[in-house]
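One structure is given here, and the rest of the page talks about it.
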Number of protein chains: 2
Amino acid sequence: MSSVIKVLLAEDQGMMRGALALLLGLEEDIEIVAQVGDGDEIVPQALAVRPDIALLDIELPGRSGLDAAADLRTRLPECRVLILTTFGRPGYLRRAMEAGASGFLVKDGPVEDLAAAVRRVLAGERVIDPALAAAALSAGPNPLTQRERDVLAAAVDGATVADIAAKVHLSPATVRNYLSAAIGKTGTRNRMEAVRAARQNGWL
Amino acid sequence: MSSVIKVLLAEDQGMMRGALALLLGLEEDIEIVAQVGDGDEIVPQALAVRPDIALLDIELPGRSGLDAAADLRTRLPECRVLILTTFGRPGYLRRAMEAGASGFLVKDGPVEDLAAAVRRVLAGERVIDPALAAAALSAGPNPLTQRERDVLAAAVDGATVADIAAKVHLSPATVRNYLSAAIGKTGTRNRMEAVRAARQNGWL
DNA sequence: GGCCTGCTGTGACATTTGTCTTCCCATGCC
DNA sequence: GGCATGGGAAGACAAATGTCACAGCAGGCC
């Protein structure tokens with residue numbers, strides 16, 4: 001391995017971002033060429049600096065890291081994507097794979113894993129926690145339809161049926177139907193539990 | 001300053017904990033003498049290694065970092081406490097001060113702040129983000145009574161009135177009364193919004 | 001063409017939730 | 001003693017929520 005690995009790092013928490021950048025910078029074969037704290041900056045920055053690998057958090061201000069990953073796949077196909085997230089949710093992993101990510105790492109693990117994962121991804125490997133992969137397979141695909149997700153997502157902060165109806169441009173009666181369907185499919189008793197369950201599985 | 005600053009680090013996210021430990025370890029005058037990922041281990045570890053300062057996250061498995069801080073105040077008074085948290089919630093800051101913390105840092109800021117804050121706390125200063133202090137003062141104290149907090153906390157995951165009543169050993173009618181009071185005091189429209197608001201302010 | 005699925009909408013119904021008023025009882029304060 | 005305060009509880013009522021059955025319409029599949 002002769003040349004240095006160029007890394008783009010997207011992470012919203014300043015202290016985490018700075019710490020990871022410093023740590024990876026200590027490795028001789030790794031160089032951080034861009035740091036962003038907002039999902040909307042990922043693609044423009046990547047196009048500007050052309051990194052070998054993008055290290056993306058999922059939950060960011062602006063666009064989600066998963067959306068950005070899908071975009072990078074088409075706009076900068078030579079750039080690998082390694083998702084780095086707090087939550088090892090089955091649905092997240094599934095969506096990451098569909099978005100063309102080469103790896104999926106949870107922030108719970110030891111720091112040493114990170115540089116190792118970067119190198120393995122660059123070597124062409126797929127890096128995925130085996131336990132998480134098993135969970136994603138056993139959990140099955142997302143049972144919620146697009147509309148059900150929309151409505152449930154609009155219900156997160158305690159919005160009333162009328163609020164949700166206005167937000168998604170549907171009749172209040174229809175909103176209640178979708179909520180009822182989502183509650184049924186998630187096996188829960190009310191929308192609050194349904195939201196919890198959907199979040200837990202990475203279905204939103 | 002002749003001797004080295006001994007630091008105990010409590011943080012649940014493995015990667016964050018490792019990264020912070022490595023970073024602080026790079027400073028010549030700082031040594032990490034203990035790392036814990038569980039709130040229940042803070043006090044025992046502190047008593048064992050007797051650090052000069054404890055760097056505590058608030059939201060941990062086991063005991064909250066705030067509870068541990070209050071305990072350290074009495075069990076190991078010579079140990080300063082610096083709270084390091086994701087969420088700059090007014091209620092958290094207030095409770096941290098009441099628990100005898102010497103500083104309150106949010107994880108959003110740059111990493112350089114951390115070592116600086118540690119040194120300043122050890123020098124006897126109080127380290128608090130001025131904007132956050134202002135917010136905490138303007139927000140006023142927690143308006144919720146103990147019971148209202150209990151009931152609201154039991155309502156977080158979509159529990160029904162009956163569930164909550166069973167959990168806190170109250171009559172369902174009383175639970176509804178408290179929920180109504182909490183909704184009124186938070187200026188919200190339903191329990192879901194009330195829970196959000198209370199969380200936001202660090203009142204739970 | 002038939003069949004299924006998904007999206008949108010209604011109306012009716014039972015249940016849950018939120019609000020208000022009232023009550024009892026203990027505590028503490030003057 | 002007199003009196004406010006706060007926790008706990010009940011009942012009554014209106015509003016919101018969850019369920020169900022049904023219906024029209026589009027698209028995809030065999």
Side-chain angles (χ1 to χ4, degrees), chain A residues 67 70 91 94-95 98 139-204, chain B residues 91 94-95 98 140-201 203-204:
Chain A
D67 291 346
R94 184 176 293 264
R95 281 156 65 193
E98 285 165 7
N142 189 339
L144 302 175
T145 69
Q146 182 59 48
R147 271 303 189 224
E148 286 159 1
R149 280 198 299 274
D150 292 345
V151 168
L152 211 52
V156 281
D157 299 302
T160 66
V161 168
D163 295 340
I164 304 171
K167 223 179 298 183
V168 297
H169 308 295
L170 283 178
S171 145
T174 309
V175 168
R176 296 211 283 156
N177 286 338
Y178 283 125
L179 283 175
S180 187
I183 291 166
K185 287 183 179 177
T186 51
T188 50
R189 292 173 303 168
N190 54 50
R191 55 179 90 174
M192 218 160 159
E193 283 191 352
V195 166
R196 286 269 147 207
R199 276 240 182 92
Q200 205 95 43
N201 286 293
W203 289 339
L204 289 190
Chain B
R94 184 177 294 266
R95 281 155 67 193
E98 286 165 7
N142 190 337
L144 302 176
T145 68
Q146 182 60 47
R147 271 303 189 222
E148 286 158 2
R149 280 198 298 275
D150 291 346
V151 169
L152 212 50
V156 283
D157 300 303
T160 67
V161 168
D163 295 340
I164 304 171
K167 222 179 298 185
V168 298
H169 307 296
L170 284 176
S171 143
T174 310
V175 167
R176 296 211 284 155
N177 288 336
Y178 282 124
L179 282 175
S180 187
I183 290 166
K185 286 182 180 178
T186 50
T188 51
R189 293 174 301 169
N190 53 52
R191 52 179 93 171
M192 218 161 158
E193 283 192 352
V195 166
R196 286 267 146 207
R199 277 240 181 94
Q200 204 95 43
N201 286 293
W203 288 339
L204 289 190

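Below, read A as the first sequence line, B as the second, and so on, with proteins coming before strands; counting in each chain starts at 1.
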Contact check, side chains of B/I164 and B/Y178, non-hydrogen atoms, under 4.5 Å | no
Backbone N/O of B/A159 and side chain of B/D157: donor-acceptor pair under 3.5 Å = no
For B/R191 and C/dT17, is the shortest distance between a side-chain N/O and OP1 or OP2 below 4.0 Å?
-> yes
Distance test, side-chain N/O of B/R176 to OP1/OP2 of C/dT19, below 4.0 Å | no
Closest-nucleotide 5' rank along DNA chain C - winner of A/T174 and A/K185 = A/K185
Spacing of B/E148 atom CD relative to C/dG18 atom P, expressed in whole Å = 14 Å
Heavy-atom side-chain contact between B/R199 and B/V156 under 4.5 Å | yes
With the side chain counted from C-beta on, respond yes when A/M192 and A/V195 share a heavy-atom pair under 4.5 Å apart, and no when they do not.
-> no
In whole angstroms, the gap separating P of C/dT17 from CD of A/E193 amounts to 11 Å
Could you check if a side-chain atom of B/R196 sits within less than 4.5 angstrom of a side-chain atom of B/T186, using non-hydrogen atoms only?
-> no
Are there any protein N/O atoms within less than 3.5 Å of an N/O atom in nucleotides 20-29 of chain C, and if so, which ones and at what distance?
| residue | atom | partner | partner atom | Å |
| --- | --- | --- | --- | --- |
| C/dC20 | N4 | B/N177 | OD1 | 3.2 |

Hey, are the side chains of B/I183 and B/E148 touching, using non-hydrogen atoms and a 4.5 Å cut-off?
-> no
Using whole Å, report how far CG of A/L170 lies from P of C/dG6.
-> 16 Å
So do A/R149 and A/N142 actually touch side chain to side chain, heavy atoms under 4.5 Å?
-> yes
Gap between atoms CD1 and C1', on A/I164 and C/dT8 respectively (whole Å) = 16 Å
Walk along DNA chain D from 5' to 3' and tell me the first and last nucleotide with an atom closer than 4.0 Å to a non-hydrogen atom of chain B.
-> D/dG7 to D/dA12
Can you tell me how far C1' of C/dG6 sits from CD of A/Q146, to the nearest Å?
-> 12 Å
Verify side chain to side chain donor-acceptor pair (under 3.5 Å) between A/D163 and A/T160, making sure each step is shown before the conclusion.
-> CA-CA 5 Å; A/D163 295 340; A/T160 66; 3.3 Å; yes
Does any N or O in the side chain of B/E193 come within less than 3.5 Å of the main-chain N or O of B/R189, such that one atom is a donor and the other an acceptor?
-> yes
note: A/Y178, atom OH; C/dT10, atom P; distance rounded to Å ~ 13 Å
